[in-house]
Each structure stands twice: as C-alpha cells, then as structure tokens.
Number of protein chains: 2
Amino acid sequence: GFAALAATSTFAFQQMSAVDLAQQGDDPAWAITEGLTTEIGPRPAGSDREAEARKWAVATLQKMGFANVREEPYQMPVWQRGEEKAWLTGPFLPQSLAITALGNSGSTGPKGIEGEIAYFASFDALVAAADSAVKGKIVFIDNQMEPTQDGSGYGLYGRGRFMGPSVAAKKGAIGIVIRSIGTDNHRNPHAGVTNFADGVTPIPAGAISNPDADQLVRQRQRATGPLKMKLLLTPKTIGDQTSGNVIAEVPGSDPAASPVIIACHLDSWDLATGAIDDAAGCGIITAAAKHVMTAGQPRRTIRLLWAGAEEVGVFGGQAYFDKHGKEKHAVALESDFGADRVWRVDFSLPDSADDLAKRIGVALAPFGVVTGHGEAHGGADVGALIQAGVPAVDLQQDGTRYFDLHHTPDDTLDKVDPAQLRQNVVAWTATLGLLANSSDSELP
Amino acid sequence: GFAALAATSTFAFQQMSAVDLAQQGDDPAWAITEGLTTEIGPRPAGSDREAEARKWAVATLQKMGFANVREEPYQMPVWQRGEEKAWLTGPFLPQSLAITALGNSGSTGPKGIEGEIAYFASFDALVAAADSAVKGKIVFIDNQMEPTQDGSGYGLYGRGRFMGPSVAAKKGAIGIVIRSIGTDNHRNPHAGVTNFADGVTPIPAGAISNPDADQLVRQRQRATGPLKMKLLLTPKTIGDQTSGNVIAEVPGSDPAASPVIIACHLDSWDLATGAIDDAAGCGIITAAAKHVMTAGQPRRTIRLLWAGAEEVGVFGGQAYFDKHGKEKHAVALESDFGADRVWRVDFSLPDSADDLAKRIGVALAPFGVVTGHGEAHGGADVGALIQAGVPAVDLQQDGTRYFDLHHTPDDTLDKVDPAQLRQNVVAWTATLGLLANSSDSELP
Ligand SMILES: [Zn+2]
Ligand SMILES: [Zn+2]
Ligand SMILES: [Zn+2]
Ligand SMILES: [Zn+2]
C-alpha cells in the first residue's frame with residue numbers, strides 16, 4: 001500500500017501516516033488510561049486528588065511533546081460523600097442495601113432516618129402523585145434502564161436521578177432512593193449528580209443497585225403492609241474549592257486558522273478509578289493528537305481540553321467557555337462515552353463542510369464506522385461552545401456496556417478492551433487529521 | 001406421549017409422571033429460592049437469622065406435605081465480621097480496596113495496621129519463601145483462578161484462602177490479603193473460611209476483588225520501591241452458639257428399606273442473600289422430593305437434610321453424622337454448586353447397582369446430562385457419610401459462572417436462571433425416583 005499511497009497527494013500521505021501510527025505504533029491511549037487510573041486513581045472534582053491528576057496530566061502532556069501545556073484553575077462548590085448505608089427494615093428481617101449518595105444529596109444526620117417507602121414505578125408517576133402520597137415518606141423510583149448502543153434511555157430514565165430528588169423534596173418526602181440508572185445486575189450502586197431546584201432544601205438522596213431494587217420490589221409483592229427503610233447518608237458541602245482544566249496544543253502551521261478543540265474530562269466519581277469515565281477519553285483524544293502531530297504539522301492548531309469537574313456540573317467546561325468562548329473555534333469534539341468502539345459518526349457542520357464530512361465518512365468506513373443522519377452534540381465540556389454555534393463532530397462509541405459500569409465501583413481499567421480502545425484512536429486520528437487540515441472555506 | 005407411557009409398566013409410568021411434574025408442574029424450587037432469599041436474606045451460621053431461616057424451612061416443608069419435619073440443633077463456635085477496609089498507601093496516592101475478611105480472620109484492632117506488602121505469585125511461592133521475606137509484612141497472594149465447567153481449580157487456587165493465612169502467620173506476617181478465589185472482574189471480594197493450624201495465632205486475613213488485585217499488581221510494576229498497605233479488619237469470635245439442621249421426610253412404603261438422603265445447606269455467607277449458595281440447592285432437592293412424592297409413594301424413605309453451618313466448617317453435616325451416622329443409608333446426594341444446569345452424572349455405587357446406574361444414565365440423557373467416568377463425592381454435608389461408605393451419586397452442575405458469584409455480594413436471586421433451575425429439578429426428580437424405588441439387592 002505504501003508505494004500506491006506515495007503516488008497520491010502529500011496531504012493524503014500524511015493522513016494515512018497518522019492512521020498507520022494509530023493502528024500499528026505506540027499506544028499512548030492505553031498508557032494514559034493505565035497511568036492515570038493506577039497512579040492517581042479516583043479524581044473527585046475539587047479534591048486534592050483532582051489537583052494531583054492535573055499535575056500528572058501536565059507532566060504527561062509535556063513529555064509527549066505538546067505545546068502550551070498549562071493548568072487553568074477556577075473555583076467551584078464541593079459536595080463530599082460521607083457514610084452511606086441503607087436497610088430494608090420491615091415487614092421482613094432487616095436486609096442491607098448497596099447504596100450510594102447522589103451528588104448534592106442532603107444528610108440524614110449521623111443517626112439516620114427511618115420511614116415508610118412510597119413506591120413509584122417511574123419518575124412520571126412521582127410527578128403525577130399527590131403530595132399526600134409522599135409526605136413524610138421515603139420515595140422509591142423503580143425505573144429500569146435497558147442497554148442501547150447509542151445510550152438513549154439515559155435521558156429518559158435519568159430524570160429519576162437528575163430531578164426525582166427535587167420533585168420528592170417539594171412534595172414533602174423525608175428522603176428518596178432510586179433504582180440505579182444502570183443496566184447491570186451487580187451489587188454496585190451508580191453514583192451521579194442530582195439537582196435541587198432553587199429554594200428546595202436538599203433531602204437525603206441515594207441510588208441502590210439493581211439487585212437491591214429487585215429485592216425491594218419482591219418484598220413489596222410479598223408484604224401485606226407497607227415496606228420500611230432505614231437510611232444513613234451523611235454527605236456535606238464544604239464550599240468553594242479550586243479545580244481546573246488542563247490545556248495542551250499541537251500548534252498549527254497557519255497561525256491565522258481557527259483551532260480544532262478536542263475534549264475529555266479529567267475528574268471522575270470517587271467510587272472507582274474512572275477508567276471508562278473518562279480516563280479513556282483523555283487517552284483517546286491525546287493519542288489521536290499525538291499521531292497527527294508525529295505524522296506532520298497540521299494546518300490548524302489542535303487544542304486539547306482535559307476538563308475538570310465535569311461530573312458534578314460541568315464547571316470545567318463552563319470555565320473554558322468563560323475564558324475562551326469568544327475565541328474562534330473551527331470545530332469541537334469530545335470523547336466521554338467509554339472505551340468501546342466507534343460505530344457511527346454524526347456531523348453538525350456548516351454546508352461549506354459537506355465535502356469534508358464526506359471525506360471523513362470515507363476515511364472511517366474501513367474501520368466499521370457508519371455515517372449517521374443525526375446531529376452532533378459534542379460532549380458536556382464543549383457543550384457551551386456548540387450551543388454558541390461552534391460546529392461539531394461526534395464519534396459515537398458503542399454504549400451497550402457503558403451503563404453497566406457508569407459511575408460504579410466497577411469503572412476500573414480491566415473493563416477497557418485494548419483492541420476497541422485502539423479502534424477509537426484510529427477513528428479519532430483519521431477524523432482529526434482531516435479536520436485539522438481542513439481549509440478556511442470549509443470551517444469557520 | 002401419555003397413552004404410549006401408560007402401556008409401559010406402572011413403575012415407568014410413575015417415574016415419568018414425577019418428571020412430567022418437574023417439567024410442567026409447579027416450580028417449588030423457584031418458590032423456595034425466592035422465598036428464602038427475599039423473606040430471610042443472608043443466613044450466617046450460628047446467627048439469629050439462621051435460626052429464623054430454620055423456622056421458615058420447617059413451616060415451608062410442613063406446608064408442602066413432608067413428614068417428620070424437625071430441627072436438630074447443635075452448638076458451634078461463631079466468628080463475626082466487623083469493619084473491613086483496606087488501602088494501597090504507597091508509593092502512590094492512597095487507593096481504597098474492596099476487601100472482605102476471611103472467616104476466622106484475626107483482628108487488626110480498631111486502628112488498623114500498615115505494612116510493606118510481601119508479594120507472592122502463588123500459594124506455593126509463599127510456602128517456599130524464607131521467613132525473612134515475610135516477617136513483619138502483609139503477605140499478598142496473587143493466584144488468578146480461571147472458570148471451568150466442573151469447578152476444578154477451586155481446590156488448587158483455594159489453598160491460598162484455606163491455608164495461606166496459617167502459613168503466613170507461621171512465617172511471621174502481620175497480616176495477609178489474597179486475590180479473591182473467584183473468576184469475575186467486579187469490585188466484589190469473595191468471602192470464605194480460612195483455617196489456622198493448631199497453635200498458630202490468627203492474623204488479620206482478607207480477600208480483595210480481582211480488579212483491586214490487578215491494581216495492586218500494576219502499582220507493583222510501576223513502583224520503584226516497596227508497596228504499602230493499610231488494613232482495618234475487626235472481626236471477633238463470640239464463642240459457641242446454637243445452630244441446627246432441618247430434616248424432613250417422604251416416608252417410603254417399605255419401612256425396612258434404608259433411606260435415600262439428599263442434602264443442601266441452609267446457611268449462607270453474610271454479604272448477600274445466598275441464592276446460588278445454597279438456597280437454590282435446597283429448592284432443587286426439595287422440589288424433586290415433592291414431585292416424586294406427588295407421583296406416588298416411593299419404596300424407600302427420602303430424607304431431606306437442609307444442613308446448617310456448612311460455610312464455616314460443615315458443623316451441620318458433622319452433627320447429622322454424629323446423630324445418624326450409624327443408621328443405614330442407601331445412597332447420598334447433595335446440591336451445592338449453584339443453579340446452572342446439570343451436565344454430568346457420576347456414580348460411586350456398589351457393583352450391584354450397575355444396572356441402576358445405567359437406568360439413571362438413560363433417564364438423564366434426554367435432558368442433556370452425560371454419564372461421567374469419575375467418582376461421586378457428594379457434597380460437604382454428606383461428606384462424612386460417604387467417607388464412611390455410603391454410596392453416592394453426583395448430579396454435576398455447570399460451574400462456569402459459579403465462581404463469578406460464589407461468596408460475593410452478588411449472590412442474589414437475579415443470578416438464578418429459572419429455566420436452568422428447572423432442568424436441575426427434572427434431573428434430580430428422574431434420579432431420585434429411580435434411587436428411591438431401587439431394590440434392596442441394588443443398594444445397601
Ligand atoms: Zn463522563
Ligand atoms: Zn460520568
Ligand atoms: Zn455451598
Ligand atoms: Zn459456600
């Protein structure tokens with residue numbers, strides 16, 4: 001293939017060369033994912049560990065040869081996990097539940113609370129319920145999310161987590177427990193943030209694992225009277241702390257051209273080492289940029305954003321936008337949906353980029369990636385940019401397994417399949433090379 | 001099929017009828033497994049919960065129409081779990097490990113202990129090590145058990161759990177942590193008992209999950225100096241407590257004929273509800289006995305033994321043997337290897353039973369069960385009987401998934417496949433009908 005390629009344009013040669021590196025060369029995506037999860041481990045937003053992770057990131061990116069590597073700090077409010085335990089306490093013998101507090105949960109106090117369970121089959125059922133069905137009780141929302149390749153369902157079922165606690169608090173509940181927003185059947189609760197509406201006092205809010213939710217449902221079917229639950233959640237808020245983004249660049253040959261921005265997030269939930277969410281994402285985007293850089297200087301600058309504090313409210317993405325939102329960006333991409341293979345590419349590009357999109361689709365086809373018909377939405381950390389009109393490309397990862405692991409103690413390196421991780425890097429490298437060498441008539 | 005069957009002997013008709021019931025009738029195996037795990041949950045040996053489980057068992061067996069249903073209590077020494085936490089503490093940032101104390105573990109005291117890790121690739125490597133390599137350190141044994149259909153490997157790799165702590169203690173270790181004797185990759189440690197040799201003072205001994213063991217190994221590869229671990233395990237022994245077996249019978253038509261004994265164990269580890277270990281076993285043997293009873297009175301009495309306190313040293317099996325070991329038993333069987341399908345039958349029968357074994361093999365073949373060439377060893381609770389010469393039949397279950405779940409928080413009802421559970425009952429019913437109607441010239 002080499003001789004044939006050499007006969008085509010220098011431009012095409014460069015692209016293949018970067019993709020060749022991605023396919024056959026070093027595997028910096030694995031090295032980053034392994035290093036970050038092994039040496040730093042969990043990286044909660046606004047913590048000392050996240051600060052150590054930023055130092056690790058700066059050192060790693062500098063060593064890899066990127067330019068303008070720096071931290072961009074900001075302040076953010078920090079919520080901290082405390083004790084977390086729960087039991088079904090009646091009418092049967094007490095049984096312990098695998099529970100975790102949702103981010104922003106209130107505290108039960110050190111003695112915990114006990115109450116009758118108010119059962120709701122779905123978030124919508126809770127919304128429809130009279131206050132009297134909820135008042136003084138511990139709400140349970142029994143949404144069962146099923147796996148899908150594109151991750152759809154997270155939005156629908158996730159409402160129980162995002163908004164359920166606020167709705168329950170407004171109706172007078174003393175606490176709320178939800179079936180985890182997850183597709184596995186392990187005794188692992190799925191963490192994640194919830195948001196209380198303005199003026200609503202946070203109540204204790206937790207997620208139990210799917211097997212524990214199944215057990216609750218079975219007990220409910222067998223019980224003649226109401227079910228009872230004891231809940232002990234003692235998280236606290238500790239005010240504003242320092243978090244930060246890490247930025248690095250591959251300087252483009254044309255200083256006047258707008259940069260391509262590619263993002264991941266450096267923070268993780270605290271229950272695991274955040275391998276698929278989102279160490280792998282940082283590995284993928286960084287490996288792709290490295291391969292493009294090694295193959296030859298691109299025309300546009302490639303800017304890497306390893307965002308901080310995504311999990312608890314996209315504070316890093318917002319900080320980036322506040323600082324850089326006025327700068328021109330050619331196109332934005334993010335990798336934040338695990339480490340399984342890219343199966344589809346979606347575009348939200350100006351009409352002037354129709355041919356560019358076609359070239360990307362052709363370049364990706366050999367790697368099992370189909371061109372979708374949907375819009376690209378980027379990821380949370382480039383969401384504000386895209387909202388403001390920056391074009392976007394989504395390299396959609398296979399999400400079938402993602403919500404088995406998402407935000408659980410099981411998000412560890414062994415869940416990353418090295419072959420699929422490399423396919424991500426290949427797809428990203430092919431796409432990034434084309435975007436970073438696109439003309440000013442194609443992208444803004 | 002019915003008319004054709006009616007044309008064969010009454011005996012054959014009865015057998016098919018019991019198997020028909022097992023295939024198409026009620027599903028008492030599921031009802032027992034669901035009921036016991038939902039209403040009682042975890043059933044640690046010698047605990048109040050195990051006592052409640054015995055009451056539940058007696059009521060259930062009586063309601064099902066079994067005769068001579070009774071508890072047979074005994075005393076046994078009880079070890080109780082306390083706090084259990086561990087961290088890798090150096091040279092990298094502290095990382096929490098998913099750990100559980102092994103049964104009979106010593107305590108670290110409430111402040112925990114911290115020490116250098118002495119790494120051993122296997123139990124045999126620990127045995128071969130000089131005391132000086134272990135003294136004052138926390139031993140880690142890195143055995144990785146792989147899944148097999150017949151469960152072989154548990155004996156080999158299990159030595160790290162059964163004997164590792166005693167060997168480490170003798171060599172002067174201050175604690176020991178092993179890679180869980182399990183085949184999954186979830187953040188679930190596998191509990192289980194360990195035994196300290198006479199005169200050896202128990203040291204703190206725990207098992208960490210496979211992903212945590214992987215993390216330890218990766219840190220070891222990256223660290224330039226020794227790894228450190230902090231360990232907090234505060235179990236205690238509380239002296240002799242009451243445990244007990246539950247016995248029930250299907251009275252045979254010939255009071256002079258020796259009984260068939262079928263066993264399971266009622267106790268479970270405390271981290272989960274013990275669905276596959278061994279509520280399902282009790283469901284399987286009881287459903288089979290019920291179907292045989294419903295189809296017509298067998299010649300031999302069938303005695304059901306729901307043994308107590310198997311997990312921590314087979315105290316129930318020993319108590320049964322102490323009380324009944326001198327009685328004649330025709331043959332012994334046990335179900336204690338999960339709820340996945342029976343795939344092989346093995347026999348340890350007298351020569352006089354060659355034709356009986358052949359009839360069983362023929363009866364099982366339609367259900368996917370092959371006749372093996374190995375010996376039958378029964379289960380732990382009938383082990384003393386078999387040791388003393390009682391014939392045995394093993395209905396070998398598929399163990400490929402068993403050690404993913406064994407003794408973990410994940411041993412919950414959702415892991416039981418109703419279709420495979422029913423296949424177990426069918427195989428047991430076919431076998432039990434033939435054994436319970438065997439002649440005195442075939443079995444003792
Ligand atoms: Zn993420
Ligand atoms: Zn996340
Ligand atoms: Zn067992
Ligand atoms: Zn067991």
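Order of the sequence lines sets the chain letters (A, B, ...), proteins ahead of strands, with each chain counted from 1. No hydrogens, no waters, no symmetry mates; every other heavy atom, side chains included, goes into these values.
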Practice problem: Check whether any side-chain heavy atom of B:Lys415 lies under 4.5 Å from a side-chain heavy atom of A:Asn185, and answer yes or no. | Solution: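 They are in contact (side-chain heavy atoms under 4.5 Å apart), so the answer is yes.
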Give, for atom [atom1] of [X] and atom [atom2] of [Y], the distance between the pair rounded to the nearest 0.5 Å.
X        : Y        : atom1 : atom2 : answer
B:Leu405 : A:Arg187 : CG    : CZ    : 12.0 Å
A:Leu413 : B:Arg218 : CG    : CZ    : 4.5 Å
B:Gln215 : A:Thr38  : CD    : OG1   : 4.5 Å

Quiz item: Which one of B:Asp184, B:Thr408, B:Asp410, B:Thr412 satisfies the side chain to side chain donor-acceptor pair (under 3.5 Å) criterion with A:His186?
Solution: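 Result: among B:Asp184, B:Thr408, B:Asp410, B:Thr412, B:Asp410 is the only option passing the side chain to side chain donor-acceptor pair (under 3.5 Å) with A:His186.
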Measuring heavy-atom distances to chain A, does [X] have an atom under 4.5 Å in its side chain, in its backbone, in both, or in neither?
X        : result
B:Arg222 : side chain
B:Leu88  : neither
B:Gln219 : both
B:Ser96  : neither

Self-check item: Contact leader toward chain B among A:Ala223, A:Pro91, A:Pro94, A:Ser209, where contacts are heavy-atom pairs under 4.5 Å
Solution: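 Looking at each option in turn, the highest pair count goes to A:Pro94.
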Quiz item: Picking from A:Ile40, A:Leu271, A:Asp48, A:Asp214, which has the most non-hydrogen pairs under 4.5 angstrom with chain B?
Solution: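 Of A:Ile40, A:Leu271, A:Asp48, A:Asp214, A:Ile40 has the most heavy-atom pairs under 4.5 Å with chain B.
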Quiz item: So does A:Asp26 have more than 12 non-hydrogen atoms from other groups sitting under 6.0 Å from CG?
Solution: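 Counting neighbours around CG of A:Asp26, 12 or fewer heavy atoms of other residues, nucleotides or ligands fall under 6.0 Å, so no.
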Exercise. Can you establish whether the number of heavy atoms outside A:Asp417 located under 6.0 Å from its atom CG is more than 12?
Key: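 Count over threshold, so yes.
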Quiz prompt | Structural part of A:Ala272 lying under 4.5 Å from a heavy atom of chain B | solution =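 Backbone plus side chain of A:Ala272, per the 4.5 Å heavy-atom cut-off to chain B.
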